[in-house]
Amino acid sequence: MNNTIKHTDYLVVGSGLAGLCAAIHASEFGAVTLVTKSRLSTSSSFWAQGGIAAVVDKKDSYNRHINDTLEAGRGYCNQEAVELLVREGAERVRDLIRLGMKFDRNGEELQLGLEGGHSRRRILHANGASTGKALIDFLITLIRAKKNITVIEHAFVNNLVAQNGICTGAHAWQYEDDTHIEFISDYTILATGGYSGLYLRTTNPHTSTGDGLWLAYNAGAKLKDLEFVQFHPTAFYKNKSTTFLISEALRGEGGYLLNERFERFMEGYKQKELSPRDVVSREILNQIDCQTSDHVYLDLRHLDVPKIKKRYQEMCERLGKMGIDPAIDLIPVAPAAHYCIGGIETDLNARTSISCLYACGEVANAGVHGANRLASNSLLECLVFSKRAVDHAVTSGSQKGSDSNPFIKLNYLPKSKPLFQLVKKELSNLLSCHVGIVRDEKGLHDALEQIGRLQKSLPLNEYDYYSIRSKNALKIAELITRSALLRKESRGVHQRMDFKDKNRSSVPIYHMNDHFETV
Ligand code: SIN
């Protein structure tokens, strides 16, 4: 076991789009250390298919994109944040193009896709539905070329050093070579992604367990809106857990949704299959309730399937491996947990409630998604708020940390990995059952009770890696459930069967630390 202390100007935790962009931008101003608990390319951004929504077409307008975002957000967005997102987002996309990022084109023109809730074609893709992969690969190449960015992979950040409301670094354990690292940083930027990986059916990598959220919460930062978990309507269905995303872009190409009687069930809605996600997911659930199978179908057979296969090659190949040919077969789909709107409360400069600690991307809640995220706005958010975080840090004073913080020495205890797997399995069942697309008070109380039972009964060790991951996952599940209980209304992706209306006046903004003790 080794102990080491590393000084850095900017510590970036997480290697999704927000983390990579923050690191690249910060490297213009100082030394950057980028830490990731897995490999550089393991992130939900890497898995993202949908692309980036941006106003790059002359026929489109900022106001249209702003209004579409506000409408999808169900009256709960921070309008100022949305305006920044849309206006600066288009500029950030142009920056990427200038840097050499290749988005799909028809000849010279950018090829723009349509997705749910958008009133115009404005989704940029790269390699069809492999946008996340193309973007992340492109940015990793830039990162590798920067001499002042140090990348540390396979390092689990287990503690933020925050005293008197100021963050001065973090502790991490690089488990492959058993090294404990204390980072002393002027600024720390959390970009650790969401917590959809806690659900049974999810489009996210298994690493999306809300660890960054827990770190911030544990350091005393405010969290917000954790009850808003967005389900993607069309994740491939094989059985209760096997799934992968079937991009909304396919509905943008004209795909139909059919129930088990092969009827189109979205025709009664104004935007039909391209209604916002909360509407489509709920309607799929309604259909499933009235039929024998627990999935519906996406039908592409009436479309130019050879063209679709060419544009969305990777997704069609995956379907092929499952024995599905979209030219002949219907694609079985059902909703899956996809994106966490809730997160660490941040302002327009990605500042958290702790000085020198910033958060951007899915781990943050800057108010841009309201109660229901508009499709393909999440990568845009990463681009905009990662830059804002760095720009703010550059102009603000930092507080130097001391290196006297004791190391927390982590270890692997035998048998604790199966325990973590058990915790994840139990949590994924009970979150999916009681804290899924629809909720009610009884189910939420049941979930809380079961989480509490697990928290009390498990033999968790404070120095064991998997015990800590189990404890974090349980805490995040508890916070999601408590938040869902507190919001006594139905809005966007939070649907309470016992409070069916929107009732804004009675809804406070929940700051978790005002309600619960810090662990
Ligand atoms: C998709 O391709 O359907 C996902 C896009 C997104 O989540 O914004």
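Throughout, residue positions are numbered sequentially from 1 according to the sequence presented. Start at 1 and go down the list; that is how both ligands and their atoms are numbered.
Across E115, M315, Q230, R277, heavy-atom proximity to atom 4 (C) of ligand 1 is greatest for R277.
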Report all side-chain donor-acceptor pairs from residues 321-332 shorter than 3.5 Å, counting only partners two or more places apart or in another chain.
| residue | atom | partner | partner atom | Å |
| --- | --- | --- | --- | --- |
| D325 | OD1 | K309 | NZ | 2.9 |
| D325 | OD1 | A327 | N | 2.9 |
| D329 | OD2 | D325 | N | 2.7 |

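Every atom of ligand 1 with a heavy atom of H338 under 4.0 Å away is listed here by number and element: 4 (C), 6 (C), 7 (O). Taking every non-hydrogen atom of E248 and a distance limit under 4.0 Å, the qualifying atoms of ligand 1 come out as 1 (C), 2 (O), 3 (O). Interface atoms of ligand 1 facing A375, defined by a heavy-atom separation under 4.0 Å, are 8 (O). For ligand 1, the atoms lying closer than 4.0 Å to a non-hydrogen atom of S247 are 1 (C), 2 (O), 3 (O).
When non-hydrogen atoms are compared, ligand 1 lies under 4.0 Å from neither the backbone nor the side chain of T234.
Of the candidates H232, H369, R277, Y339 forms a side-chain contact (heavy atoms from CB on, under 4.5 Å) with just one, namely H369. Each of E227, H494, Q495 was scored for a side-chain hydrogen bond (donor to acceptor under 3.5 Å, both in side chains) with R439, with one residue passing: H494.
Under the 4.5 Å side-chain criterion, counting only non-hydrogen atoms from C-beta, C21 is in contact with L139. In this structure, the side chains of L84 and R388 come closer than 4.5 Å at one or more pairs of heavy atoms.
For the pair R487 and Y76, the distance from NZ or CZ to the six-membered ring centre is under 6.0 Å and the angle to the ring normal is within 45 degrees.
No N or O atom of S378 sits closer than 3.5 Å to an N or O atom of ligand 1. Checking only distances, R373 does come within under 3.5 Å of ligand 1, N or O to N or O.
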